[in-house]
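Working notes for the structure below.
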Amino acid sequence: YSTWKRTLTRRAREAQMKRFCKAQAIQRRLEEIEVTFRELEQQGIKLEKLLRDEDGSPADQKTQWMNQLLYLVQKKNSLMSEESDLMIAVQELKLEEQQWQLDQKLRCYMNKEESLKTPEDRAAEQEILVQLLDVVNKRNVLIHIQEEKRLSEL
């Protein structure tokens with residue numbers, strides 16, 4: 001029994017560490033995206049000024065600036081899509097953590113001998129089950145959102 005309990009504890013710590021590392025990686029990427037947004041914004045401002053101010057510029061120069069501006073818009077849209085995916089991943093991680101905590105609480109109640117449970121214990125167990133079901137439903141909604149987004153991008 002103690003070996004089994006240690007194994008479960010170790011696996012729980014590993015899963016928690018994995019979620020933490022994933023959350024850190026997501027946070028870093030979100031910060032990188034924010035910096036890139038600012039850079040794209042500055043480049044876009046420069047290109048817009050060039051397009052507005054340079055009336056005597058050759059047509060092919062204006063076309064080149066316009067193409068660069070369109071490229072910046074495409075890149076920004078791509079980054080916004082990635083940022084959206086990352087925000088969904090953050091929500092998913094939060095829900096995973098919440099589900100793990102509820103699982104732990106539920107195990108405590110379920111491991112208790114049925115004859116020793118008080119009415120309060122039974123009520124708490126039912127409440128945890130309701131919360132757990134709510135978390136699972138929220139995760140399911142996130143999965144559907146991701147799937148719809150993936151299909152719309154195709």
Side-chain angles (χ1 to χ4, degrees), residues 1-48 51 63 65-154:
Y1 177 75
S2 66
T3 305
W4 175 76
K5 192 172 182 178
R6 277 183 297 192
T7 302
L8 283 179
T9 304
R10 181 178 44 80
R11 285 184 184 165
R13 273 195 317 266
E14 288 171 357
Q16 196 170 21
M17 210 46 199
K18 197 175 187 181
R19 284 191 298 271
F20 179 73
C21 290
K22 190 173 180 182
Q24 282 185 322
I26 289 171
Q27 185 61 39
R28 275 193 304 275
R29 183 61 186 140
L30 285 171
E31 289 168 2
E32 291 170 2
I33 288 173
E34 187 63 34
V35 169
T36 307
F37 273 152
R38 281 190 236 115
E39 291 171 358
L40 291 174
E41 188 71 28
Q42 292 302 316
Q43 291 173 9
I45 289 169
K46 287 177 187 174
L47 285 171
E48 283 183 39
L51 283 168
T63 304
W65 289 336
M66 192 61 118
N67 286 339
Q68 288 175 349
L69 192 61
L70 289 173
Y71 171 76
L72 292 178
V73 169
Q74 287 175 334
K75 190 164 179 141
K76 187 174 179 181
N77 286 341
S78 172
L79 287 172
M80 287 177 69
S81 177
E82 183 182 355
E83 184 181 42
S84 171
D85 289 342
L86 290 172
M87 295 307 289
I88 290 172
V90 166
Q91 289 298 316
E92 202 170 340
L93 284 173
K94 285 180 183 178
L95 290 172
E96 275 182 40
E97 181 67 24
Q98 193 176 359
Q99 183 176 351
W100 178 80
Q101 290 173 355
L102 290 169
D103 279 340
Q104 296 305 308
K105 289 180 185 177
L106 187 60
R107 285 180 197 276
C108 289
Y109 284 110
M110 294 182 95
N111 288 336
K112 198 172 190 180
E113 185 66 36
E114 196 64 37
S115 61
L116 300 176
K117 289 182 185 178
T118 64
E120 292 81 18
D121 290 340
R122 287 186 182 88
E125 187 176 348
Q126 286 302 312
E127 179 61 29
I128 291 170
L129 281 171
V130 167
Q131 291 174 358
L132 195 55
L133 185 60
D134 185 48
V135 168
V136 169
N137 286 334
K138 286 178 182 176
R139 288 183 71 188
N140 191 36
V141 167
L142 286 179
I143 290 169
H144 283 293
I145 289 170
Q146 285 175 320
E147 185 63 20
E148 286 176 11
K149 187 172 188 249
R150 186 186 68 79
L151 290 174
S152 70
E153 288 174 354
L154 292 176

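Positions are given from 1 along the sequence.
- Considering only residues two or more places apart in sequence or on other chains, E127 meets the salt bridge (Lys or Arg N to Asp or Glu O under 4.0 Å) condition with none of them.
- Ion pair K105/E125 not flagged as a salt bridge, since none of the NZ, NE, NH1 or NH2 atoms sits closer than 4.0 Å to an Asp/Glu carboxylate oxygen.
- Inter-residue side-chain proximity for Q68 and W65 is flagged as met; some heavy-atom pair is nearer than 4.5 Å.
- A salt bridge is absent between E31 and R28; no separation between the charged side-chain nitrogens and carboxylate oxygens falls under 4.0 Å.
- The neighbour count for K112 NZ, taken as heavy atoms of other residues, nucleotides or ligands under 6.0 Å away, is above 12.
- Between R10 and E14, at least one side-chain nitrogen of the basic residue sits less than 4.0 Å from a carboxylate oxygen of the acidic one, meeting the salt-bridge criterion.
- Separation of atoms CG (L142) and NZ (K94) is listed at 11.0 Å; rounding is to 0.5 Å.
- E147 and R150 are joined by a salt bridge, as a carboxylate oxygen and a charged side-chain nitrogen come within less than 4.0 angstrom of each other.
- What you find for L116 and D121 is that their closest heavy atoms are O-OD2, 4.3 Å.
- Atom CG of L106 sits about 11.0 Å away from atom CD of Q99, to the nearest 0.5 Å.
- T7 places a side-chain N or O within 3.5 Å of a backbone atom of T3 that can act as its donor or acceptor partner.
- For K149 (side chain) and S81 (main-chain N/O), a donor-acceptor pair under 3.5 Å exists by modelled atom type.
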Under 3.5 Å, which donor-acceptor pairs link side chains of residues 32-43 to any protein atom two or more places apart or in another chain?
{"from": "E32", "atom 1": "OE1", "to": "R29", "atom 2": "NH1", "distance (Å)": "3.1"}
{"from": "T36", "atom 1": "OG1", "to": "E32", "atom 2": "O", "distance (Å)": "2.9"}
{"from": "E41", "atom 1": "OE1", "to": "K76", "atom 2": "NZ", "distance (Å)": "3.4"}

**OP:** In sequence, state the C-alpha distance, the side-chain angles, and the governing distance for E97 and Q16, and then conclude on side-chain contact (heavy atoms from CB on, under 4.5 Å).
**Re:** CA-CA 8 Å; E97 181 67 24; Q16 196 170 21; 3.3 Å; yes

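- You'll find the side chain of Q131 stays beyond 4.5 Å of the side chain of Q98, heavy atoms only.
- Rounding to the nearest 0.5 Å gives a distance of 10.0 Å between CG of L70 and CG of L47.
- Here the CZ-CD distance, from R122 to E120, works out to 10.0 Å after rounding to the nearest 0.5 Å.
- Here S78 contributes atom OG and E83 contributes atom CD; the two are 11.5 Å apart, rounded to the nearest 0.5 Å.
- For the pair R107 and D103, the salt-bridge criterion is not met [side-chain N within less than 4.0 Å of a carboxylate O].
- Atoms NZ and CD, on K18 and E96 in that order, are 9.5 Å from each other to the nearest 0.5 Å.
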**OP:** Could you walk me through whether S84 and M80 pass side-chain contact (heavy atoms from CB on, under 4.5 Å), step by step?
**Re:** CA-CA 6 Å; S84 171; M80 287 177 69; over 6 Å; no

**OP:** Assess whether side-chain contact (heavy atoms from CB on, under 4.5 Å) is satisfied between Q146 and E92, documenting all intermediate values.
**Re:** CA-CA 11 Å; Q146 285 175 320; E92 202 170 340; 3.7 Å; yes

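- Judged purely by atom type and a 3.5 angstrom limit, D85 has no side-chain atom pairing as donor or acceptor with the backbone of E82.
- No donor-acceptor pair under 3.5 Å is formed between the side chain of K22 and the backbone N or O of L93.
- Between Q27 and V90 there is no side-chain heavy-atom pair separated by less than 4.5 Å.
- The shortest side-chain heavy-atom distance between R19 and W100 falls under the 4.5 Å cut-off.
- Contact annotation: the side chain of E148 never approaches that of S152 to less than 4.5 Å [non-hydrogen atoms, C-beta and beyond].
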